[in-house]
Amino acid sequence: MEKPFYITTAIDYTNAPPHIGHAYEKILGDVMARDRRARGREVVYLIGVDQHGQKVQQSAARAGVRPEVFAQDVTAKFLDLWKRLDIAYDRWAETTAPQHTECVRAILNQLHQKGKIYKARHGGYYSVRQEQFLTEKDRGADGSFSPDWGEVVFLEEENYYFRLTEFKDWLVGFLEAHRESVLPAFRWTELRNAVERLTGDLCISRPKSRLAWGIELPFDPEFVTYVWFDALINYISFAGYTSHPVDFERLWPADYQVIGKDILAPAHGIYWLIMLRALDFPDERMPRLLVHGYINLRGDKISKSAGNTVDPAELVGKYGAEALRYYLMREAVTGQDMEFSEDRLVARHNSDLANGLGNLLNRTLGMAKRYRQGVLKKPADSPLAAPAAEAVSRHRAAFDRCEPHAALEAAAAFVAHCNGFIEESAPWKLAKDPAQAERLDAVSMAWPNRSASSPRSMRPRSHRLRSRSVSN
RNA sequence: GCCAGAGUAGCUCAGUGGCAGAGCAGGGGACUCAUAAGCCCUUGGUCGGGGGUUCAAAUCCCUCCUCUGGCACCA
C-alpha cells in the first residue's frame, strides 16, 4: 500500500495574530495537498500552532491574562483564518495538547537516558527587563549594555543541553548525500554553509523561575522545555510517534515540510534533523524541507497607510478566498520573495478567473443550452483532448517540482486554448445553418471528458465561477 | 565583512552558449455564443554598470552597484 502523502507547515507562534505570510504558507501546503488528493493519493496535511514559550508568556502578561488563555485566544484567530481561506487540513497541532506534551516528555526521557542531554552551568549577562541573556552583540562600544535593556546582571544558571555537535559530521554527510532534502537548491547551499559553522550544543531548558509557560522536563521539575525543542516535535507527535506507532510507521517521513526561509537554519535544517537522528531515525526517514520566501509589503500603498500590515482575513472579505489563493499561488515563485500588490490581485482575478475561465464556462454552458437544449452527443474523439492532456501533464510535472505557479500557468494556457477553439469553430454560425448540425454536435462536445479535464485541485468552486470582475 | 538569492518590456516574471520571450497593462482590428468578456494584430527592452572568454553571451569568467535573507562584526 502506497505511503500517504504527508505534508506539514510550520506551526504558527501564538504571540500575535496571523498575517499574509502565515496565509501564504498554509495555502501553499494546502494546494500541494489538494494536488496529490486530486491524483488519487491519500494525503495527510498537518498544520497547527505553537503555544508555549517566553514571548507568549510576555504577551499574555501585557494583556493581563494567563498564558493559556492568551494562546487559546490567538489560536482561535488562526483557526478562523484557515476556515475563511478554505485550508483543507487533515490534522491540527496544538502544542498544549496531551498527545503532544506526552510525546515531548517521552522523547526527552529517551534522549536523556541515551546521554544525549546533559546538565551544565553557564554564566552570562542577563537583562531582567527583557528576561533574556545578552550576548556580545548586545554590548555597546564602551563595553556597557544599552539602557534599553534595563538592569543587567551577571547570572550563573544551570541548564540542560542537547548534544548537537556530536551529530555535526553525520549532518554534513547526510546533506552531501541528499541534495534533494532541501528545496530550492540554493537553500541547500545556505544550510550546508550554516552547518559548517555549528559550534555549540543547544540549550533546551529554561528554569521555571524565569519561564513557567512550557512543558516540564520529565527528569527535572525545576525546568521547562525550550520552545523550539518543544515545537519541532509536533511534526511527529501528531503523526502518532508515541501515541499511534502503526499510524506513524505509515506516515513518516514527511514528503514535504513547508517552512519559511527564516527558520531553515538553524531550527529545521540543524536542530530538527539532528533531533531525529538522535532518536535513531535513519537517513531514509529524514523529511524533505521545502523553503519558501517572504511576502513583502514594501512600496505598497495599502501597507503604508495601514501601518505596514495586510490582514489576510480582510482580503478574503473583500475579494474572496479563491481570488487571494489564486493570486498568491500564481505569482509567487516557490522559494523566492514576492511583492504583495492588491492591484495585482485584482488584475489576476479579473483576467484569469473571471474573464478567462469564468467566461469560458459561461459561454460554453450558454451555447449548450441554447443550441442543443443542454443535451450533447459524445463525439468519437475531441480536438481538445490532446491539449488537455498536455496541460495536465505540465500541471503534474510542475507540482512534482513544487511549482504551483507553473502549474497554474499550464491551466491558464489551456483555458486560453479553449477560448481560441470556440472562436475558430464559431458554433453561433453553425447553429444558423441546419446543414452544419453534425459539425455543431462535434464542436459542442469537444470539451474533454472528466478524466482528461483540468485538475480539480486548482479549479475554483462553482459559486466563484459566476463572480464578475471586481475592482478595488 | 562572509555565504547565498534577486536585478530582463510600464507591472509580474520565464529564458543558463545560437535571431531577447509570456501574461497583464497600452494601441489597432474583425466578430457577436458569452460576465463591456473572448479572438486576431500590435507599440514597448543599453537583459543593473563596466571589463573579459567565444564565431556567438541575458546565459560562462572578473569587477562594481542596488535590494533581500542568513551568519559574523560593530554599535
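Proteins get letters first, then strands, A, B, ... in listed order; numbering begins at 1 in each.
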[atom1] atoms of [N] and [M], separation to the nearest Å:
{"N": "B/C3", "M": "B/G17", "atom1": "P", "value": "25 Å"}
{"N": "B/G26", "M": "B/G10", "atom1": "C1'", "value": "9 Å"}
{"N": "B/U63", "M": "B/G21", "atom1": "P", "value": "32 Å"}
{"N": "B/U42", "M": "B/C33", "atom1": "C1'", "value": "26 Å"}
{"N": "B/C40", "M": "B/A25", "atom1": "P", "value": "14 Å"}
{"N": "B/A4", "M": "B/C11", "atom1": "C1'", "value": "27 Å"}
{"N": "B/A9", "M": "B/A20", "atom1": "P", "value": "16 Å"}
{"N": "B/C67", "M": "B/C24", "atom1": "P", "value": "33 Å"}

Test side chain to side chain contact (heavy atoms under 4.5 Å, CB included) on A/N159 and A/Y226 and set out the steps. CA-CA 10 Å; A/N159 267 306; A/Y226 171 52; over 6 Å; no
Select one nucleotide: of [options], the one nearest the side-chain heavy atoms of [X].
{"X": "A/W428", "options": "B/C31, B/A4, B/G38", "value": "B/C31"}
{"X": "A/K261", "options": "B/U68, B/U35, B/C33", "value": "B/U68"}
{"X": "A/S351", "options": "B/C33, B/C39, B/C24", "value": "B/C24"}
{"X": "A/N419", "options": "B/C39, B/C33, B/U35", "value": "B/C39"}
{"X": "A/A354", "options": "B/U35, B/A4, B/A34", "value": "B/U35"}
{"X": "A/E190", "options": "B/C24, B/C33, B/A4", "value": "B/A4"}

How long is the gap from CG on A/L171 to CD on A/E196, to the nearest 0.5 Å?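 So the gap between those two atoms works out to 10.0 Å.
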Just how far, in rounded Å, is [atom2] of [N] from [atom1] of [X]?
{"X": "A/L183", "N": "B/G5", "atom1": "CG", "atom2": "P", "result": "15 Å"}
{"X": "A/L360", "N": "B/C39", "atom1": "CG", "atom2": "C1'", "result": "13 Å"}
{"X": "A/F421", "N": "B/C31", "atom1": "CZ", "atom2": "P", "result": "22 Å"}
{"X": "A/E423", "N": "B/C31", "atom1": "CD", "atom2": "P", "result": "12 Å"}
{"X": "A/M367", "N": "B/C39", "atom1": "CE", "atom2": "P", "result": "13 Å"}
{"X": "A/L264", "N": "B/U68", "atom1": "CG", "atom2": "C1'", "result": "16 Å"}
{"X": "A/E424", "N": "B/A30", "atom1": "CD", "atom2": "C1'", "result": "16 Å"}
{"X": "A/E196", "N": "B/G70", "atom1": "CD", "atom2": "C1'", "result": "15 Å"}

Only Watson-Crick and G-U wobble pairs with both distances less than 3.5 Å should count. Give RNA chain B in dot-bracket notation, marking inter-strand partners with |. ((((((((.[[[[.)..(..]]]].((((.........)))).....[[[[[..)....]]]]])))))))....
Is there a donor and acceptor pair, one atom on the side chain of A/N193 and one on the base of B/A4, closer than 3.5 Å?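 In this structure, the two groups form no donor-acceptor pair.
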For residues A/P287 and A/W272, report the shortest heavy-atom separation together with the two atoms involved.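 Looks like CG-NE1, 3.8 Å.
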Identify the heavy atoms of A/R277 and A/M286 that sit nearest to each other, and give their distance.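 Closest approach of A/R277 to A/M286: N-CE, 3.8 Å.
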Most 5' of A/D352 and A/D262 on RNA chain B, judged by nearest nucleotide: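 Its nearest nucleotide lies further toward 5', so the answer is A/D352.
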Is the A/H292 ring parallel, tilted or perpendicular to the A/Y24 ring (thresholds 30°, 60°)?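 Perpendicular.
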Centroid separation under 6.0 Å, is that true for the rings of [Y] and [X]?
{"X": "A/H349", "Y": "A/Y319", "answer": "no"}
{"X": "A/Y45", "Y": "A/Y89", "answer": "no"}
{"X": "A/F340", "Y": "A/H19", "answer": "no"}
{"X": "A/H417", "Y": "A/F421", "answer": "no"}

Classify the nucleic acid contact of A/R330 as base, sugar-phosphate or nothing, counting any heavy atom under 4.0 Å across all strands shown.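 No contact at all - A/R330 keeps every heavy atom at 4.0 Å or more from the nucleic acid.
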Using only heavy-atom distances, determine whether the side chains of A/D283 and A/W170 contain a donor-acceptor pair under 3.5 Å.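 Present: a donor and an acceptor within the cut-off.
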Any N/O pairs under 3.5 Å between the protein and nucleotides 10-15 of chain B? List them or say none.
unit_1	atom_1	unit_2	atom_2	d
B/C11	O2	A/R344	NH1	3.3
B/U12	O4'	A/R344	NE	3.4
B/U12	O4'	A/R344	NH2	3.4

A/N359 side chain N/O closer than 4.0 Å to the phosphate oxygens (OP1, OP2) of B/G38?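 Answer is no, no contact under 4.0 Å.
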With a 4.5 Å cut-off on side-chain heavy atoms, are A/V258 and A/T9 touching?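 Yes, at least one pair of side-chain atoms sits under 4.5 Å.
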